[in-house]
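Have a look at the structure below before the remarks.
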Amino acid sequence: MAAANSAEQRHQQVSRPASPLREVRYDHERGEYDHFRFVESANDDLVAAVTLGALELRGPELVELRDALTQDDLYTLLAFASRVAVRVLRGQADQLLAGCAAVGLVDSERVDWRDAAGAICLLSYSASRTGADAPTALDRALAIAQPGMARLIREYGTSAEVGLSDFHYREVATAAGPALTRDDGKPFHPTLDLLSVAGALTQVVEADEYRVRQITTGTDISSAWLPSADPRAVEKARKRIRAGLRISAVPHGATSPFPPQSLSVYLAECTSLDDAELLTRASRHPGIASLAVSLGRLCAIVVARSNRQGLETTESSDGLERLRGPIAEALSVD
């Protein structure tokens, strides 16, 4: 990313025409980056018009369009491509061409290549899962791609060896249809409907002072949040967790990708009631703003923290007690 930022600084030193995407930005607060609770956005039509139009350009006109795009615009294109992947999973195969064109238009030198490769992987995966014509769409994207992006498209758009797990994603089933979550790669073999419980916990968090930005599956609960009780017993209980996920939230109104305050809810399906209760007890520590609630084999641990050195968290364990009742009710959803 440092190299991408340096390339962008050099790029902006030359006068460029106005970008067609200068007024188009996806909104964190509206959940437009959320692939688990997919929300419609008018921005999709605006971006699609630009990407599909780019497919008709060649030579100086194509160079001029790409040069007009800022780094923020390039990340808007990648966000759009990821959103298209969800749409394709839900049966909108006609959107695939616009999504592939978006990555083809990106200047690979001015973004973190892993972000571009991840978007390509999501598009390729969703097409493979649904039988959409990925080769044709990717060939059209290659026709407008500069050499660096063309290499990424060939490597990550056509390889049978590259999958969602390589870019820390997982496909999950929701009431609204297939969705994508981030995934940390830990065991995720729930026997209970953790995603429904996560949905209920999300409502609890968002009815309070926070907005959920992301749900990550395949997580564990760090030992840093379990400082009490018998460390050996806690570690054994952690290793026996059948499935875990994390709900990541920020205060309502936060627009920065890295806000100063955040809230995380760790939800675990344990192998036994005793393990769930042990993890609940282990989370109690005066130096951590936390709340833990268990019900049966389910355990939810809430941790509030500051993300900036020297800045105190705005929450306290006593203050988080306001969430105990609603969280207990959410755990009973399953």
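The residues of the chain are indexed from 1 along the displayed sequence. All heavy atoms count here, side chains included; hydrogens, waters and symmetry mates do not.
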note = So OG1 of T51 and CG of L46: to nearest 0.5 Å the spacing works out to 11.0 Å
message = Under 4.5 Å between side-chain heavy atoms, counting indirect links through other Ile/Leu/Val/Met/Phe/Trp/Tyr residues: same cluster for Y156 and L180 or not?
response = yes
query = Sequence neighbours excluded, which residues qualify as side chain to side chain donor-acceptor pair (under 3.5 Å) partners of R30?
reply = E32
message = The criterion is side-chain contact (heavy atoms from CB on, under 4.5 Å); which residues satisfy it with D73, sequence neighbours excluded?
response = S19, L21, R25, L69, T70
request  = Measure from the side-chain N and O atoms of T130 to the backbone N and O of S126, and report whether any donor-acceptor pair falls under 3.5 Å.
outcome  = yes
message = Quick check against the 3.5 Å criterion: does R305 have a side-chain atom that pairs as donor or acceptor with the backbone of S262?
response = no
Contacts of type side-chain contact (heavy atoms from CB on, under 4.5 Å), residue A249, not counting sequence neighbours = V205, Y210, V212, L263
Any donor-acceptor pair under 3.5 Å from S283 side chain to T280 backbone = yes
task = State plainly whether the residues D184 and K186 are in salt-bridge range, i.e. N to O under 4.0 Å.
result = no
message = Going by the rule side-chain contact (heavy atoms from CB on, under 4.5 Å), which residues pair with T181 if we only count those two or more places apart in sequence or in a different chain?
response = F36, R170, V172, T217
task = Could you list the residues that satisfy ring-ring contact (aromatic ring centres under 6.0 Å, His included) with H28, not counting sequence neighbours?
result = Y33
note = Residues passing the side-chain contact (heavy atoms from CB on, under 4.5 Å) test with N5, sequence neighbours excluded, are M1, Q71
inquiry  = For a quick test of reading the model, state the closest non-hydrogen atom pair linking G244 to F188 and the distance between them.
reply    = O-CD1, 3.5 Å
task = Sort and list the pairs that fulfil salt bridge (charged side-chain N to carboxylate O under 4.0 Å, His left out) and have at least one residue in residues 222-231, not counting sequence neighbours.
result = none
key: Set of side chain to side chain donor-acceptor pair (under 3.5 Å) partners for E269, sequence neighbours left out   = T191, R297
task = Indicate, with yes or no, if Y75 and L152 share a hydrophobic cluster defined by side-chain heavy-atom contacts under 4.5 Å among Ile, Leu, Val, Met, Phe, Trp and Tyr.
result = yes
message = Tell me which pairs pass salt bridge (charged side-chain N to carboxylate O under 4.0 Å, His left out) where either residue lies in residues 58-72, with sequence neighbours left out.
response = R16-D67
ask   = Would Y266 end up clustered with L295 when hydrophobic side chains under 4.5 Å apart are linked, directly or stepwise?
value = no
message = If you count heavy atoms of other groups shown closer than 6.0 angstrom to CD of E23, is the number above 12?
response = no
message = Please evaluate residues Y169 and Y125 with respect to the criterion ring pair (Phe, Tyr, Trp, His ring centres under 6.0 Å), reporting the C-alpha separation (whole Å), side-chain torsions for both, the decisive distance (0.1 Å), and the verdict.
response = CA-CA 11 Å; Y169 278 96; Y125 171 84; 9.7 Å; no
ask   = According to the salt bridge (charged side-chain N to carboxylate O under 4.0 Å, His left out) rule, which pairs have a member within residues 99-109, sequence neighbours left out?
value = D107-R110
ask   = Are Q9 and Q13 linked by a side-chain donor-acceptor pair shorter than 3.5 Å?
value = no
request  = Using a strict 4.0 Å threshold on nitrogen-to-oxygen distance, state whether R238 and E235 make a salt bridge.
outcome  = yes
ask   = With sequence neighbours left out, what residues match Q309 under side chain to side chain donor-acceptor pair (under 3.5 Å)?
value = none
task = Sorted by first residue and then second, give each salt bridge (charged side-chain N to carboxylate O under 4.0 Å, His left out) pair with at least one member in residues 78-89; sequence neighbours left out.
result = E40-R87, D44-R83, D44-R87
